[in-house]
Number of protein chains: 2
Amino acid sequence: MGDRSKPNKRVTLQDVAQRAGVSTAAVSYVINGGPRPTSPELRARVLSAIAELDYHPNSAARGLRGRRTNTIAFVTYDFLPNESFSSHYLGRMLTALTRELQQHGNYLLMFPLATGDDPTPLRKMLKSERVDGIVARFVQDPPHTDALLEVVQESGTPCVCVERPGDARFGFPGITYDDDEGGALATNHLLGLGHRRIAHLAGDMRYATARRRMSSYQRTIVASGIPFDADISAVANWDIRQARGETHRMLSLPDPPTAIFAASDDMAFGALHAAHDRGLRVPEDLAVVGFDDIPLAHQLTPLLTTIRAPLDEMGVRAARLLTGHTKADPEALVETRPVQLIRRDSA
Amino acid sequence: MGDRSKPNKRVTLQDVAQRAGVSTAAVSYVINGGPRPTSPELRARVLSAIAELDYHPNSAARGLRGRRTNTIAFVTYDFLPNESFSSHYLGRMLTALTRELQQHGNYLLMFPLATGDDPTPLRKMLKSERVDGIVARFVQDPPHTDALLEVVQESGTPCVCVERPGDARFGFPGITYDDDEGGALATNHLLGLGHRRIAHLAGDMRYATARRRMSSYQRTIVASGIPFDADISAVANWDIRQARGETHRMLSLPDPPTAIFAASDDMAFGALHAAHDRGLRVPEDLAVVGFDDIPLAHQLTPLLTTIRAPLDEMGVRAARLLTGHTKADPEALVETRPVQLIRRDSA
DNA sequence: ATTTGATATCTAATCGATTAGACTCAGGCT
DNA sequence: AGCCTGAGTCTAATCGATTAGATATCAAAT
């Protein structure tokens, strides 16, 4: 497992102080820029000693005395055990998060949890003061995650929720995007193209996100004077195959849809698949709009028209709030970032 | 960002000792199971005091004195900045890793790096003694990652490489699977089905994995007495669209392939797409074998026949080696886990 | 009865950084 | 001259756990 011997003796702040001929306090002041002023000469001496000795502050000692770990946890609460890691979707946020954190010497700890998991490990992690804050991605809405949020609150760890509006009762802010706006954008885009028979493929109804996307579709349809038809609104549970099956079913109806708004790109692929099966042209015979904008969306043909959620922006924002590089508006518990219609070839 | 005030006073080991009427040493012994024996009565008193006070050891203090952080870093070195997080492929390993670590109270720190990134942040992280060990996933082979490995070695941090054979010069063990075996399995499967005209879609040649999969394909073909034909061996760079394009090209040849071994499931989808475009039946007119077994492989139709790498096993194994729950065989610098042919519908 | 040894427990030093409090010194004020 | 102020630096206490060394207790060995 690599060199187990200790090849290089530890360099401590003491050593630096000695080398620079100053006190340990002075060195600390220089490193941390305060809380007392330092003279330029002293600063120079210390900095060159640090460089010469290749000194790096010990994170444990810092954490103990200074009560900062420079670590943020990303806590997920999924329905399936491995969900968080296997979604292209989440990748965008994690990438943004880690990069933003790295920029200021902070680190990301992964803490995946699945529904039904005991919250004790989370409690333990928080109470051991391992992290300065957490980014919570809980796919369910209140009250299903109350137990977790209570654990977080009780530990006193700063917390920012993502992909949900936060929680007023617990005082946690949330950074989210507007599923309603996304659903409306998608549906209106199809309406604007002249479609009157627009179907919906919905995600797993346990997800708030799935429910919101569906209801905004319904509202938009109805608002435009078209009656809602349950026959062409199907729950496909985020699943490609189910989406394909449901699409086939709907296309076999006496009055088949001419357009489909799928609540995820995956399901949109299922719909495209079905269209392909039947020799339908996209978008001429069947227009398809997805949601998420996963990488595949612009790799498969036809290129998928979809709704893009600002995952990266949300990641960056969450990181900044937690590391204190941006102040949160104490009034606004919810920050909603706009979604975007990405027009490609499928609609 | 949640409650910033400190709602509950800190509970320390001192408090527990006082409450139980014993010394702090005794409490520590009980918690850590040693290094000295403790009597059952004392243990009981301490444990109930811990429970009553809801005590959780402070991780920073532990780290400082005990030199263990209970944290493992997952360090990636990718060609693209966000690659590590957006691959279904890696998800399997990360899930296995975190779950295994959580089991023993260890945590996973994500540390993604992209080619060309300055290794300084890694150096800094390691020298600050933030982690007990690292799992290194460096997609390139030596000598491209020497600079990074040097940094790791110099820091003295235990390191296990995954998806490559480790590195003898640095003394790091590796846990990997056999790309050659996978390529041979796939190719032989197609040969066994009677195919004589077998094409290959190769990944990005900068990846050792892509090169190995390609050369084992070539060797297997040639070993069976079929001459290697460069016209039906194409580099598609892991890209779906390129794979589709190359498949079209090959199918237009005077002597088109009847089977394709794609070095990744993604590229296999590209091939399937092309077959679909031309109205070819799979596997009758064109047989396709992929590599990786990503979730999509058993969600799209036809279900993809593919090679499955034991990512989860590798993750678990790496975790155990680093946390000391399994001893590494000091002789064997490489542990190669078997791959598996998953027979489904496409070949 | 005394020594030996093993077992169980306690005392206190220690890990390496942060920071409040004490100190020094120069310059400005009365 | 004497006092005050503030900038710059140093001394030393402190964070909370681990663990080597000292101590106590009791059973077995001499």
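Chain naming here is simple, since letters A, B, ... match the order of the sequence lines and numbering starts at 1 in each.
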* **Residue met sooner reading DNA chain D from 5', once B:Y29 and B:A61 are mapped to nucleotides** => B:A61
Could you tell me how far apart [X] ([atom1]) and [N] ([atom2]) are, to the nearest whole angstrom?
| X | N | atom1 | atom2 | answer |
| --- | --- | --- | --- | --- |
| B:Q14 | C:dT11 | CD | C1' | 12 Å |
| B:H56 | D:dG16 | NE2 | P | 15 Å |
| B:R62 | D:dT19 | CZ | C1' | 14 Å |
| A:D15 | C:dA17 | CG | C1' | 13 Å |
| B:R43 | C:dT7 | CZ | P | 14 Å |
| A:L64 | D:dC15 | CG | P | 9 Å |
| A:L53 | C:dA17 | CG | P | 12 Å |
| B:L13 | D:dC15 | CG | P | 14 Å |

Have a look at [X] and say if it touches a base, only the backbone sugar-phosphate, or nothing, with a 4.0 Å heavy-atom cut-off.
| X | value |
| --- | --- |
| B:R67 | sugar-phosphate |
| B:V22 | sugar-phosphate |
| B:T12 | sugar-phosphate |
| B:L42 | sugar-phosphate |
| B:A26 | sugar-phosphate |
| B:S39 | sugar-phosphate |
| A:R36 | base |

* Asked: Between B:R67 and B:D132, is there a salt bridge with N-O shorter than 4.0 Å?
  -> no
* Asked: Any idea which heavy atoms bring A:Y55 and A:L13 closest together, and the distance?
  ->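 Closest approach of A:Y55 to A:L13, heavy atoms only: CE1-N, 3.4 Å.
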* To do: Specify the closest pair of heavy atoms between B:R45 and B:G21, including all atoms of both residues, with the distance to one decimal.
  =>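 Looking at all heavy atoms of both residues, the shortest contact is NH2-O, 3.7 Å.
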* **Main-chain N/O of A:V131 paired to A:T71 side chain as donor or acceptor, under 3.5 Å** =>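 Absent.
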* To do: Scan side-chain atoms only and decide if A:R62 and B:S128 contain a donor-acceptor pair under the 3.5 Å cut-off.
  =>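 No, no side-chain donor-acceptor pair sits under 3.5 Å.
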* To do: Would you tell me if any nitrogen or oxygen in the side chain of B:T24 comes within less than 4.0 Å of OP1 or OP2 on D:dT18?
  =>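 Result: no.
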* For A:N58 and C:dC15, is the shortest distance between a side-chain N/O and OP1 or OP2 below 4.0 Å? ->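 A:N58 to C:dC15 OP1/OP2: no side-chain N or O under 4.0 Å.
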* **Nearest-nucleotide pick for A:S23, side chain only, options being D:dG8, D:dC10, C:dG16** => D:dC10
* Minimum-distance nucleotide (side-chain atoms of A:R65 versus D:dA13, C:dA8, C:dC10) -> D:dA13
* **More than 12 heavy atoms from other groups under 6.0 Å of CD on B:Q14** => no
* Of B:E41 and B:E129, the one whose closest DNA chain C nucleotide lies more 5' ->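 On the 5' side of the pair lies B:E41.
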